[in-house]
Every structure is written in structure tokens, then in C-alpha cells.
Amino acid sequence: MNTRNRTPSKYICYGLYLYLYLYFSGLSLRKTSERLSYCIKRNHVTIWNWIQKYQPKIIKTKQRRICEFIVDETLLKVGSGYTWLWVAIDAKSKEILSLSISKERNMFVAQRFLSNIVRDYGKHVSSFNRW
């Protein structure tokens with residue numbers, strides 16, 4: 001008869017630390033289990049179960065510095081109707097900061113979209129694409 005081998009709490013803490021601390025540098029669950037294997041052998045699914053059980057809060061690191069947004073809206077035909085796609089892009093890294101979909105294009109929709117970006121990233125220079 002097999003008995004269940006419970007993991008000591010210090011290894012659970014160390015596994016969670018490895019995953020969460022190195023989460024921002026791209027460490028996956030499999031890589032975390034490989035690094036943890038020097039101390040104790042545990043599967044990547046076990047580490048995922050620890051995350052689900054203890055639900056640690058991921059603390060955001062210092063937010064990226066963004067100098068300028070590029071904001072664009074595009075009309076898309078979806079089925080028989082039309083939809084507006086709003087996008088905000090970081091001008092330097094070309095990373096998508098925010099997406100929004102709306103059925104109409106007016107100042108209220110634009111203001112709501114821009115206020116969400118300002119809330120998340122602060123006030124910055126905005127460029128509007130006019131194609």
C-alpha cells in the first residue's frame with residue numbers, strides 16, 4: 001500500500017517563491033519544477049495545485065514607463081453588422097496597451113476608452129492615426 005508523501009511547507013513556499021518571483025522573467029511551471037527538483041521532486045501540476053490552493057497575490061512590479069500612446073479606431077464588418085475596434089499602442093515598444101470594441105463611434109465611446117488608458121498608465125501624449 002502506498003502512503004501519501006506530503007510536501008514540507010518550506011518546499012511549498014520555495015516553489016511558490018520561484019514561480020511568483022521569476023514569473024515576470026518568464027519562468028514556467030515546468031521550469032519551476034525543474035529548479036525545485038534539486039531539493040525535492042514535484043510535478044508542474046503539483047505546483048499549479050499549490051498556486052490554486054494558497055492563491056498568492058502577484059505583486060505588480062514598477063509599472064513600465066510609457067512616453068506616448070498611439071490610438072486608432074477601425075471599422076470592422078462582423079456578420080451583417082459593423083463594429084468599431086479601438087486600440088492603444090505604446091509608440092516605443094509597439095506593444096498593445098488596450099483594446100475595446102463598440103457598436104458605435106462617438107465622443108462618449110472615445111472618452112471612455114481614453115479614460116481607461118489614463119487610469120491604467122497615466123496622462124501622456126496621444127497620437128491619433130488618420131488613414
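On a predicted model such as this, the values are computed, not experimentally measured, just so you know. Quick note: residue numbers are just sequence positions, from 1.
A distance of 4.5 Å separates CH2 in W84 from CG in L75, rounded to the nearest 0.5 Å. A distance of 11.0 Å separates CG of L16 from OG of S9, quoted to the nearest 0.5 Å. Here CD1 of I89 is found 10.5 Å from CD of E95. Values are rounded to the nearest 0.5 Å. The OG1 atom of T32 sits 7.5 Å away from atom CD1 of I51, with the distance rounded to the nearest 0.5 Å. Residue L29 holds its CG atom at 11.5 Å from CG of L18, rounded to the nearest 0.5 Å.
In this structure, the side chain of S33 engages the main chain of R30 through a donor-acceptor pair within 3.5 Å.
In this structure, F69 and I117 have side chains that are in contact, with non-hydrogen atoms separated by less than 4.5 Å. Looking at L114 and V71, their side chains come closer than 4.5 Å, going by heavy atoms from C-beta outward.
At a threshold of 4.0 Å, the pair E73-R105 counts as salt-bridged, since one of the basic side-chain nitrogens sits closer than that to a carboxylate oxygen.
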Under 3.5 Å, which donor-acceptor pairs link side chains of residues 40-47 to any protein atom two or more places apart or in another chain?
from: R42; atom 1: NE; to: T7; atom 2: OG1; distance (Å): 2.7
from: R42; atom 1: NH2; to: T7; atom 2: OG1; distance (Å): 3.1
from: N43; atom 1: OD1; to: V45; atom 2: N; distance (Å): 3.4

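Legend: residues meeting side-chain contact (heavy atoms from CB on, under 4.5 Å) with N116, ordered by chain and number and at least two apart, are R112, R119. Residues meeting the side-chain contact (heavy atoms from CB on, under 4.5 Å) test with L85, sequence neighbours left out: L76, L99, I101. Not a single side chain to side chain donor-acceptor pair (under 3.5 Å) links S37 to another residue, sequence neighbours left out. A search for side chain to side chain donor-acceptor pair (under 3.5 Å) contacts involving E104 returns N106, not counting sequence neighbours. Remark: C39 pairs with Y11, Y14 by the side-chain contact (heavy atoms from CB on, under 4.5 Å) rule, at least two apart or across chains.
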Taking it one step at a time, do S102 and W86 satisfy side chain to side chain donor-acceptor pair (under 3.5 Å)? CA-CA 8 Å; S102 65; W86 299 78; 3.0 Å; yes
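Shortest non-hydrogen contact noted between A88 and F113 is N-CZ, 3.7 Å.
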